[in-house]
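Owing to the predicted nature of the structure, the values given are computational and were not obtained by experimental measurement.
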Amino acid sequence: MKANNGKLQQLLSDKKTLEQVAKSPDAQALAGIITQGRDQASLKKIAEDAAKGDTSQLNQLIQNIVRSPGGAELLKRLSGTIEKK
């Protein structure tokens, strides 16, 4: 797990790679799934609650993504893209 944290920290500090991943079709599709039926305020509240330790709404959001048509495959492809960077 520690190696993954190091990789994540490295990715987060690499703005060029983050930008490439964020502009990818898979990231755009994920953003569409995340925002579908939600406004900015509700997404902000989910993020704020998660930062405070209440991840229940974030977990629900992730479950919705995984259950959406193609959502699990989309997350798998994004993970693979990030691993290659």
Side-chain angles (χ1 to χ4, degrees):
M1 186 73 164
K2 203 169 206 173
N4 286 340
N5 285 341
K7 178 95 171 155
L8 179 60
Q9 288 300 324
Q10 182 182 2
L11 174 67
L12 292 174
S13 67
D14 185 348
K15 293 186 188 317
K16 182 178 178 185
T17 299
L18 276 178
E19 187 175 316
Q20 289 173 341
V21 171
K23 289 182 177 181
S24 72
D26 287 337
Q28 297 297 316
L30 179 60
I33 293 171
I34 291 171
T35 59
Q36 186 175 22
R38 292 176 194 83
D39 60 20
Q40 284 291 97
S42 67
L43 291 172
K44 183 177 179 182
K45 175 138 177 41
I46 290 170
E48 288 172 349
D49 289 349
K52 293 176 187 173
D54 178 4
T55 58
S56 60
Q57 290 295 316
L58 180 59
N59 288 334
Q60 182 62 45
L61 178 61
I62 292 168
Q63 288 301 314
N64 289 343
I65 293 168
V66 172
R67 291 183 188 130
S68 70
E73 181 60 32
L74 179 63
L75 290 174
K76 187 176 178 181
R77 284 195 314 265
L78 267 174
S79 178
T81 299
I82 291 169
E83 286 295 317
K84 291 176 188 174
K85 301 289 179 186

Distance check, rounded to the nearest 0.5 Å: Leu74 atom CG versus Ser79 atom OG?
11.0 Å
Would you name the heavy atoms of Ala27 and Ala22 that are closest together and state the gap between them?
CB-O, 3.4 Å
So how far is it from Ile62 CD1 to Ile34 CD1, rounded to the nearest 0.5 Å?
8.5 Å
Check whether any side-chain heavy atom of Asp49 lies under 4.5 Å from a side-chain heavy atom of Leu58, and answer yes or no.
no
Asp54: which residues meet the salt bridge (Lys or Arg N to Asp or Glu O under 4.0 Å) condition with it, sequence neighbours left out?
none
With no hydrogens and no angle check, just 3.5 Å: does a side-chain donor-acceptor pair link Gln60 and Asn64?
yes
Within residues 33-44 or reaching into it, pairs that qualify as side chain to side chain donor-acceptor pair (under 3.5 Å) - sequence neighbours excluded:
Asp39-Ser42
Listing request: all side chain to side chain donor-acceptor pair (under 3.5 Å) pairs with a residue in residues 23-33, at least two apart in sequence or in separate chains.
Glu19-Lys23, Asp26-Arg77
Let me know which of Leu75, Leu61, Val66, Ile65 forms a side chain to side chain contact (heavy atoms under 4.5 Å, CB included) with Ile33.
Ile65
